[in-house]
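To start, the structure itself, in structure tokens.
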Amino acid sequence: MRIELSVDLDATLGCGQAHRWLKKNGRWEGVLGDEIVTLSQREDGFECEGTSDKEAVLSYFRAEDDLDEIYADISETDGYMARLAEAVPGLRLLRQDPWECTATYLLAVNANVKRIGSMVEAVCEEFGKNLGRRFSFPEPEEIDEGCGDICRCRLGYREGRFMKLANSVRTGEHDPLSLTNLDYQSCRDKLMEVDGIGPKVADCISLFAYGHMESFPVDARISRLMRDIYGVTGSYSKVAEEGRRRFGKYPGYAQELLYHSTVISTSQAQAGGLHPV
DNA sequence: CATCAACCTGATCA
DNA sequence: ATGATCAGGTTGA
């Protein structure tokens, strides 16, 4: 199935916003719902194998977002952002499943991208459905009532919180779907009622699952970058607030560009690359 | 409201 | 090789 969409798969799937994508000999393999999908970059979009649900794929890639408009808007912020937008014009935000996004970002607490990936895959292999080469992300019931052994997932102190979340979603105490129609602040507040979800994780979920473009998650990398490039320091709320103030209509996209720039600069020590103004 | 130790694992350093 | 150090958010004091 051919998807025509302005998107850079490497930047979009490889920078840590979603945790189930693996690049295997030039193609991106991931799991959407109960299907293993494989994506191959093309000039005008990508080739998609493993699913026929075009609507779901377009929704996942937030095809309705007008990247030209968004990046034009972001570019007006300053020269640094303008260069980032120009360098990675196909970096998109994704629209992830609320339950899966909530659960994976609960695991993401105090862990680097590589470790998050290994914890998430472990949970899928332990509790999810075997789809062949990969496993589905488990439903709350599969975790809460399943016969898998959580100890094998090596979640550390996230283990108790993870099991508690699965249980509270199964019982309806926390209902990811019910947050769909809330505004950013209410959504964030609801998420932070969950044990193990603080400001940063709540901002990530608000952005990546519920599409709140004004969310500006501040992790360790963003915190250093805001300090080094913009001279912004202080508490989480101060830095996040400054991000929302500074980056106009699309702080979430700006954050993703900034985060991606830190991935690039740490993975390739190239001369003549991007550097602060 | 700000500060800070404790929490767990895997990677990297000495 | 083995032990020390570090990276990474949330919680509760």
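Here the structure is a predicted model, which means the values were calculated and not measured. Reminder, nothing fancy here: chain letters follow the sequence lines and each chain counts from 1.
Between the side chains of Y184(A) and D203(A), at least one donor N or O lies within less than 3.5 Å of an accepting N or O. Side-chain contact check for N110(A) and Y157(A): at least one donor-acceptor pair (N or O, by modelled atom type) lies under 3.5 Å.
Across the protein-nucleic acid pair, D195(A) atom CG and dG9(C) atom P stand 18 Å apart, rounded to whole Å. In this structure, CG of N110(A) is placed 16 Å from C1' of dG12(C), rounded to the nearest angstrom. Straight-line distance from the CE atom of M119(A) to the C1' atom of dG8(C): 10 Å, rounded to whole Å. Per the geometry, CG belonging to D219(A) stands 12 Å off C1' belonging to dA7(C), to the nearest Å. Between R188(A) atom CZ and dT10(C) atom C1' there is a gap of 13 Å when expressed in whole angstrom units. If you take CG of L191(A) and P of dT10(C), they are 11 Å apart, rounded to a whole angstrom. Separating the CG atom of L165(A) from the C1' atom of dT10(C) is a distance of 15 Å, rounded to the nearest angstrom. Computed from coordinates, the K238(A) NZ to dT3(B) P distance equals 10 Å when rounded to whole Å.
Note: F61(A) and F46(A) have tilted aromatic rings, judged against thresholds of 30 and 60 degrees for the angle between ring planes. Using cut-offs of 30° and 60° on the angle between ring planes, the pair Y60(A) and W21(A) is tilted.
Side-chain atoms of R221(A) and L258(A), non-hydrogen and from C-beta on, never get closer than 4.5 Å to each other. At a threshold of 4.5 Å between non-hydrogen side-chain atoms, the residues V169(A) and L165(A) count as touching.
Note that CE of M213(A) is 5.0 Å distant from CG of L93(A), once rounded to the nearest 0.5 Å. Here the CD1 atom belonging to I74(A) is positioned 10.5 Å from the CD atom belonging to E256(A), to the nearest 0.5 angstrom.
If you check every strand for non-hydrogen atoms under 4.0 Å, I116(A) touches nothing. Residue V194(A) is in sugar-phosphate contact alone, with no base atom involved, counting any heavy-atom pair closer than 4.0 Å across all strands shown.
Projected onto DNA chain C by closest heavy-atom contact, R224(A) and R161(A) fall at different nucleotides, the more 5' of which corresponds to R224(A).
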Legend entry - Per-nucleotide protein contact string for nucleotides 9-14 of chain B, where B marks a base within reach and S marks sugar-phosphate only (heavy atoms under 4.0 Å, - for neither): BSS---
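Both key distances under 3.5 Å define a Watson-Crick or G-U pair, and stretches of 3 or more such consecutive pairs in DNA chain B run B:3-14 with C:2-13.
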Inset, instruction - Let me see the working for S168(A) and V194(A) under side chain to side chain contact (heavy atoms under 4.5 Å, CB included), right down to the final yes or no. - result: CA-CA 9 Å; S168(A) 81; V194(A) 174; 5.7 Å; no
